[in-house]
Amino acid sequence: MSEDRKTIYLCLAHMSEDGMEQKYVKEAFDTNWVVPMGPNVNAFEQDLANFVNGNADGSKLDRRVVCLSAGTAAVHLALLACGVGQGDEVIVQSFTFCASSHPITYLGATPVFVDSEPTTWNMDPELLEKAIIDRKAVTGRYPKAIVPVALYGMPYQIDKIMAIADKYGIPVVEDAAEGMGSRFNGQVLGTFGKFGVLSFNGNKMITTSGGGALICNDTVAEIRNEELGMRNEETAEEAAQKVMWYATQARDAYPYYEHTAIGYNYRMSNVCAGIGRGQMTVLDAHIAHHKHVQELYRELLADVKGVHLHEQPADPRYDSNFWLCAATIDPEVRIKGQENAYKEVIKTAVGGAAGVIKAVDSATTDCQPNENVEALRVFMLGKKVECRPVWKPMHKQPVYKDAPAYVNGVSESVFKIGFCLPAGPYVTDEDVHYIVDCIKEAIVR
């Protein structure tokens, strides 16, 4: 391997070639709009609305979009708008990142974790209904919301999930943070439920450095939190205005600061929104690139025995953005260096977006990837390729050890054998060939 080879990361932020991001950011500075809200925020919201409202068949929806400081903030405010509060329960997919479940606890509610079905790795509709019925029997109340997740961009079984949600009158908050531009039956994910969540973190399909957005449905929907001043029925416009009010400290209309509810400082910066406006010009190209990389992996991994690329169902309604390309490796496949897996405690954050981590005393936990998966990660790192495990199921996280969980073993099984491969805009065809060659080299023949 050449010493000057650059590390191939999972998904690096990629700016437009003609510098549109800098243009809009410069406008923010030139006009001194360097605060939350502003012209870039308004324009970015409209750009996003134009995108999410466009169906593949040419028909249009009428959703409202509110830009916020993070996708996590969007989940939080969506749950708040669904009336989630102290002592409530919210059903959430277990196979996901912690941002899907943590906001439930912010509101004093309890997450109820539901496992995955094996085809998409997303929420199992049969387990979902079982959980709804059982929680009603246990608590005397239905859960306040359902949060399915588009894991690595893969669409969930939205038709079945929405049918179950409608049957029991429970609002759906779609976590499409990883699914920007993924579609089901031609419709953009995040536009089916009462609310949809998008993320613009540095490694997502498009970025605003940090940031997110909340999609508000256009249909009249039940709002259950009357003490917050919401009527039982609200349109998307009214819901969006309420969300923006909560996102800007919930200030009432007086010449001084008057608060009748607890608000949050969640609105997006006008500077960050300028980046987002520029990123919208390359969104379609980014999605097309990720799909191309997935197809190339499919072709090149076809003859690698014991390694299986995670693909979307043959059902033509599924149209994943393939934010990350995920795969599994059979337990019996042996990897070079496997005998040393989990022998040393990791001392730094793993991955391209390294952050602050807490030191640990043990190299192992009671639920972790197989030794060959960990050995593959280490081997690929030595080849300057970022290769990460899939998300650890939330119902196996220590912080949620007491939370109700309805499991079938799917997510835990995939966690033990799954890994993610680079797919971002900077990943070239040559890179994919190199990555697959490294996987082949890692396997002990």
Side-chain angles (χ1 to χ4, degrees), residues 74-96 98-117 122-149 156-175 192-197 217 219-234 239 242-243 246 260-262 393-411:
V75 177
H76 187 183
L77 294 185
L79 295 172
L80 179 70
C82 288
V84 176
Q86 189 76 34
D88 290 329
E89 291 187 339
V90 174
I91 291 180
V92 59
Q93 186 168 310
S94 180
F95 204 5
T96 183
C98 63
S100 305
S101 55
H102 282 3
I104 299 169
T105 66
Y106 299 167
L107 292 165
T110 299
V112 176
F113 295 109
V114 169
D115 215 329
S116 300
E117 40 82 15
N122 290 316
M123 184 179 285
D124 185 320
E126 292 184 6
L127 273 183
L128 167 62
E129 185 160 28
K130 178 182 178 181
I132 291 171
I133 294 170
D134 191 58
R135 299 322 298 169
K136 178 65 161 62
V138 171
T139 69
R141 297 184 297 168
Y142 287 124
K144 279 292 188 73
I146 299 168
V147 186
V149 180
Y156 23 85
Q157 294 186 1
I158 194 67
D159 54 341
K160 295 180 181 179
I161 290 174
M162 288 304 301
I164 292 168
D166 291 343
K167 178 179 178 180
Y168 296 98
I170 304 174
V172 171
V173 175
E174 295 180 76
D175 186 344
F192 291 88
K194 177 169 177 53
F195 293 103
V197 172
N217 204 327
T219 56
V220 174
E222 184 180 0
I223 301 289
R224 305 185 180 209
N225 202 352
E226 294 184 9
E227 64 267 26
L228 295 182
M230 297 180 180
R231 300 196 310 274
N232 282 339
E233 294 182 343
E234 288 190 341
K242 188 68 68 173
V243 166
Y246 275 107
T260 52
I262 300 296
M394 285 296 109
H395 74 271
K396 298 299 295 183
Q397 295 286 358
V399 72
Y400 289 122
K401 61 184 175 61
D402 297 324
Y406 295 80
V407 300
N408 54 16
V410 169
S411 61

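All values below come from the heavy atoms of this structure, side chains included, with hydrogens, waters and symmetry mates left out.
At a cut-off of 3.5 Å, with distance as the only test, no side-chain donor of Tyr156 or Glu117 sits close to an acceptor on the other residue.
Here the shortest heavy-atom pairing between Ser411 and His395 reads OG-CE1, 3.6 Å. Taking both residues in full, the closest heavy atoms of Ile170 and Pro143 are given as CG2-O, 3.5 Å, listed atom of the first, atom of the second, then distance. The minimum heavy-atom distance between Ser100 and Val147, with the atom names listed, is O-CG1, 4.5 Å. Between Pro111 and Ile104, the shortest heavy-atom contact is N-CG2, 3.7 Å. What you find for Pro148 and Ile146 is that their closest heavy atoms are CD-O, 3.4 Å. Nearest heavy-atom pair, Asp124 versus Asn408, reported as atom, atom and distance to 0.1 Å: OD2-ND2, 3.3 Å.
Contact of the Thr105 side chain with the Tyr400 side chain is registered, since non-hydrogen atoms from C-beta on lie closer than 4.5 Å. Side chains of Thr110 and Pro404 form a contact here, defined as non-hydrogen atoms less than 4.5 Å apart. Tyr406 is not listed as a side-chain neighbour of Leu128, based on a closest heavy-atom distance of 4.5 Å or more. When side chains are defined from C-beta on, Tyr142 counts as touching Ile132, because their heavy atoms get closer than 4.5 Å. For the pair Asn122/Gln157, no side-chain contact is recorded, criterion being any heavy-atom separation below 4.5 Å from C-beta on. Counting heavy atoms from C-beta outward, Cys98 and Gln397 have side chains that stay 4.5 Å or more apart.
Leu79 contributes atom CG, which lies 11.0 Å from atom NZ of Lys144 (distance to the nearest 0.5 angstrom). To the nearest 0.5 Å, the span separating CD1 on Ile158 from CZ on Phe192 amounts to 6.0 Å. Note that the CG atom of Leu107 and the NE2 atom of His102 stand 13.5 Å from one another [nearest 0.5 Å].
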Test side chain to side chain contact (heavy atoms under 4.5 Å, CB included) on Thr96 and Met394; report intermediate values, then the result. CA-CA 7 Å; Thr96 183; Met394 285 296 109; 4.0 Å; yes
Worked check of side chain to side chain contact (heavy atoms under 4.5 Å, CB included) between Ser94 and Val407: CA-CA 9 Å; Ser94 180; Val407 300; 5.8 Å; no
Glu89 and Thr139: side chain to side chain contact (heavy atoms under 4.5 Å, CB included), yes or no, with the steps? CA-CA 9 Å; Glu89 291 187 339; Thr139 69; 3.8 Å; yes
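Between the side chain of Glu129 and the main chain of Ile164, no donor-acceptor pair closer than 3.5 Å is present. Distance alone, capped at 3.5 Å, is enough to place a donor-acceptor pair between the Gln93 side chain and the Met123 backbone. Listed for the Asn217 side chain is a donor-acceptor partner under 3.5 Å among the backbone atoms of Gly193.
By the 4.0 Å N-to-carboxylate-O rule, Arg141 lies close enough to Asp88 to be salt-bridged with it.
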